[in-house]
K.L.:
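Below are the C-alpha cells for one structure; questions will follow.
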Amino acid sequence: MVAGIRAAGRKADFVAADLSGNHAAIRGLAESATAATGAPLDILINNAALLIMPGPTSELSERLIDEALAVNIKSVFLLTGLIAPAMVERGAGAIVNVGSINGLIGMGGSALYSMTKAAIHSLTKSWAAEYGPAGVRVNTVAPGPTLTARNETIKEHLEPILAKVPSGRASTLAEVAAAVVFLASDDASHVHGATLSVDGGFAAV
C-alpha cells in the first residue's frame with residue numbers, strides 16, 4: 001500500500017504497532033508516527049479492531065473479552081489521549097473513530113463486539129465535547145457489513161444480515177473510506193460528534 005501511494009507521487013510511511021492495550025507500545029506508535037511526518041499530526045483515524053465471530057455470551061472466554069476491550073477500546077482511548085493534546089494546542093485537527101452499526105442496534109450473538117463499538121460511539125460524543133471548543137473535530141464512521149477478504153470467509157453469517165439491508169448489498173471498502181475522508185476533511189468543518197453510517201440503510205430500519 002505504501003509503495004502504491006509513493007508511486008502515485010504522494011508521501012507515505014509505515015509504522016508497525018502493537019495495539020493490544022500496552023501503554024508503552026501505543027506511546028511508541030504516537031511518537032514514531034509524529035517523527036515520520038516531521039510535524040504534529042493533523043488527522044487521527046482510530047480504525048484498529050479485534051473482530052469477533054458471533055456466538056453466545058456464555059461461551060466467550062475471559063481472554064477473548066480482555067483482548068477485545070484492550071484492542072477495541074483501550075488502545076483507542078490511549079492513542080487519542082496521546083495525539084489530541086497537540087491538536088488542541090494548535091487549535092485544529094480531526095479525529096475519526098471507526099465504530100460499527102453493531103454499536104447502534106442490537107444483534108444477537110454479537111454482545112462483546114457490539115459493546116466495544118458502542119463504547120467508541122460514546123467516546124466520540126465525549127471527545128467532541130472535550131476537544132471541540134479547542135477546534136478539534138471528533139466524529140465516527142459506522143460501517144455495516146463490508147466486503148473484505150476476511151468477510152469472504154464468513155459469508156454464511158452475513159447472508160441473513162444482508163437480506164435486511166435496504167440497499168440489498170454489503171458496503172465496499174472504498175465507500176467506507178470515502179466517509180472517513182469526508183469527516184477528516186475541511187468539507188466537514190462544522191461536523192462535531194456525529195456518526196455517519198455506511199450500511200445501505202440497515203441501522204435506519
K.L.:
So, does Thr34 use its side chain to make a donor-acceptor pair with the main chain of Glu31 at under 3.5 Å?
P.N.:
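Here the side-chain-to-backbone pair does not exist.
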
K.L.:
Would you confirm whether Arg137, through its side chain, and Asp186, through its main-chain N or O, come within 3.5 Å as a donor-acceptor pair?
P.N.:
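No: the side chain of Arg137 does not pair with the backbone of Asp186.
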
K.L.:
Find the distance between CE (Met87) and CG (Leu41) and round it off to the nearest 0.5 Å.
P.N.:
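Met87 atom CE to Leu41 atom CG measures 6.0 Å (nearest 0.5 Å).
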
K.L.:
Please determine whether residues Ile43 and Leu196 belong to a single hydrophobic cluster, defined as Ile, Leu, Val, Met, Phe, Trp and Tyr linked transitively by side-chain heavy-atom distances below 4.5 Å.
P.N.:
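Hydrophobic grouping puts Ile43 with Leu196.
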
K.L.:
With distance as the sole test, does Asp187 use its side chain to make a donor-acceptor pair with the main-chain N or O of Phe182 at under 3.5 Å?
P.N.:
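No, because the side chain of Asp187 does not come within donor-acceptor range (under 3.5 Å) of the backbone of Phe182.
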
K.L.:
Do the side chains of Lys11 and Thr37 get nearer than 4.5 Å, heavy atoms only?
P.N.:
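No. Closest side-chain heavy atoms not under 4.5 Å.
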
K.L.:
If I compare all heavy atoms of Ala84 with all of Tyr131, which pair ends up nearest, and what's the gap?
P.N.:
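In this case the closest contact between Ala84 and Tyr131 is CB-CZ, 3.5 Å.
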
K.L.:
Do Leu112 and Leu50 share a hydrophobic cluster (ILVMFWY, side-chain heavy atoms under 4.5 Å, transitive)?
P.N.:
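They do share one cluster, since a chain of ILVMFWY contacts under 4.5 Å joins Leu112 to Leu50.
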
K.L.:
Identify the two heavy atoms, one from Pro133 and one from Ala128, that lie closest to each other, and give their separation to 0.1 Å.
P.N.:
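Minimum heavy-atom separation between Pro133 and Ala128: CD-O, 4.0 Å.
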
K.L.:
Taking Pro143 as the fixed residue, which of Val180, Val176, Asp199, Asn102 is the one that meets the side-chain contact (heavy atoms from CB on, under 4.5 Å) rule?
P.N.:
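Only match with Pro143 under side-chain contact (heavy atoms from CB on, under 4.5 Å): Val176.
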
K.L.:
Check Leu183 against Ala94 and note the closest heavy-atom contact, atom names and distance.
P.N.:
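Scanning both residues, the minimum pair turns out to be O-CB, 4.4 Å.
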
K.L.:
Rounded at 0.5 Å granularity, tell me how far CD in Glu175 sits from CZ in Arg169.
P.N.:
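Rounded to the nearest 0.5 Å, the CD-CZ separation comes out at 4.0 Å.
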
K.L.:
Could you measure the distance from the CD1 atom of Ile65 to the OG1 atom of Thr116? Nearest 0.5 Å is fine.
P.N.:
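If we round to the nearest 0.5 Å, Ile65:CD1 and Thr116:OG1 are 11.5 Å apart.
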
K.L.:
Assigning hydrophobic clusters by single linkage (Ile, Leu, Val, Met, Phe, Trp, Tyr; side-chain heavy-atom cutoff under 4.5 Å), is Ile52 placed with Met115?
P.N.:
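Per the 4.5 Å side-chain linkage, Ile52 and Met115 are co-clustered.
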
K.L.:
With no hydrogens and no angle check, is any side-chain donor or acceptor of Asn97 less than 3.5 Å from a backbone partner on Gly99?
P.N.:
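Side chain of Asn97 to backbone of Gly99, a donor-acceptor pair under 3.5 Å: no, none is there.
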
K.L.:
Please find the pair of heavy atoms, one from Ile101 and one from Ala203, that lie closest to each other, and give the distance.
P.N.:
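Shortest heavy-atom separation between Ile101 and Ala203 comes out as CG2-CB, 4.0 Å.
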
K.L.:
In this structure, would Leu173 and Val181 fall into the same cluster of hydrophobic residues linked by side-chain contacts under 4.5 Å?
P.N.:
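Leu173 does not cluster with Val181.
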
K.L.:
Just how far is it from atom CG of Leu123 to atom NZ of Lys117, taken to the nearest 0.5 Å?
P.N.:
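With rounding to 0.5 Å, CG (Leu123) is 11.0 Å from NZ (Lys117).
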
K.L.:
What do the steps show when you test Val2 against Ile5 for side-chain contact (heavy atoms from CB on, under 4.5 Å), and what is the final call?
P.N.:
CA-CA 5 Å; Val2 170; Ile5 294 172; 5.6 Å; no

K.L.:
Hydrophobic clustering (ILVMFWY, side-chain heavy atoms < 4.5 Å, transitive) - are Met107 and Val165 grouped together?
P.N.:
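Result: yes, single cluster for both.
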
K.L.:
Find the distance between CD1 (Ile83) and CG (Asp42) and round it off to the nearest 0.5 Å.
P.N.:
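One finds 11.0 Å between CD1 of Ile83 and CG of Asp42.
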
K.L.:
Before you tell me yes or no, could you show the steps for Asn72 and Ile120 under side-chain contact (heavy atoms from CB on, under 4.5 Å), namely the whole-Å CA-CA distance, both residues' side-chain angles and the distance that decides it to 0.1 Å?
P.N.:
CA-CA 8 Å; Asn72 295 12; Ile120 294 303; 5.8 Å; no

K.L.:
Closest approach of Ser20 and Ala70, non-hydrogen atoms and distance?
P.N.:
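That closest heavy-atom pairing would be O-CB, 3.0 Å.
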
K.L.:
Among Leu82, Leu78, Val76, whose side-chain contact (heavy atoms from CB on, under 4.5 Å) with Thr80 holds?
P.N.:
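The passing option is Val76.
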
K.L.:
Go through Val141 and Val96 one step at a time and tell me if the side-chain contact (heavy atoms from CB on, under 4.5 Å) criterion holds.
P.N.:
CA-CA 7 Å; Val141 170; Val96 181; 4.0 Å; yes

K.L.:
Could you tell me if the side chain of Asp13 sits less than 4.5 Å from the side chain of Arg6, heavy atoms only?
P.N.:
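With C-beta onward as the side chain, the pair touches.
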
K.L.:
Can you see which heavy atom on Val198 is nearest to which on Ala179, and at what distance?
P.N.:
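Residues Val198 and Ala179, closest heavy atoms: CG2-CB, 3.5 Å.
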
K.L.:
In Å and rounded to the nearest 0.5 Å, what is the CG to CZ distance from Asn22 to Arg27?
P.N.:
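CZ of Arg27 is found 11.5 Å from CG of Asn22.
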
K.L.:
Under the criterion side chain to side chain donor-acceptor pair (under 3.5 Å), which of Thr140, Asn46, Thr195 is the partner of Thr124?
P.N.:
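Among the candidates, only Thr140 passes.
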
K.L.:
Using a 3.5 Å distance criterion without hydrogens, assess whether the side chain of Ser100 forms a donor-acceptor pair with backbone atoms of Val98.
P.N.:
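No, the answer is negative, given that no donor and acceptor are paired below the 3.5 Å cut-off.
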
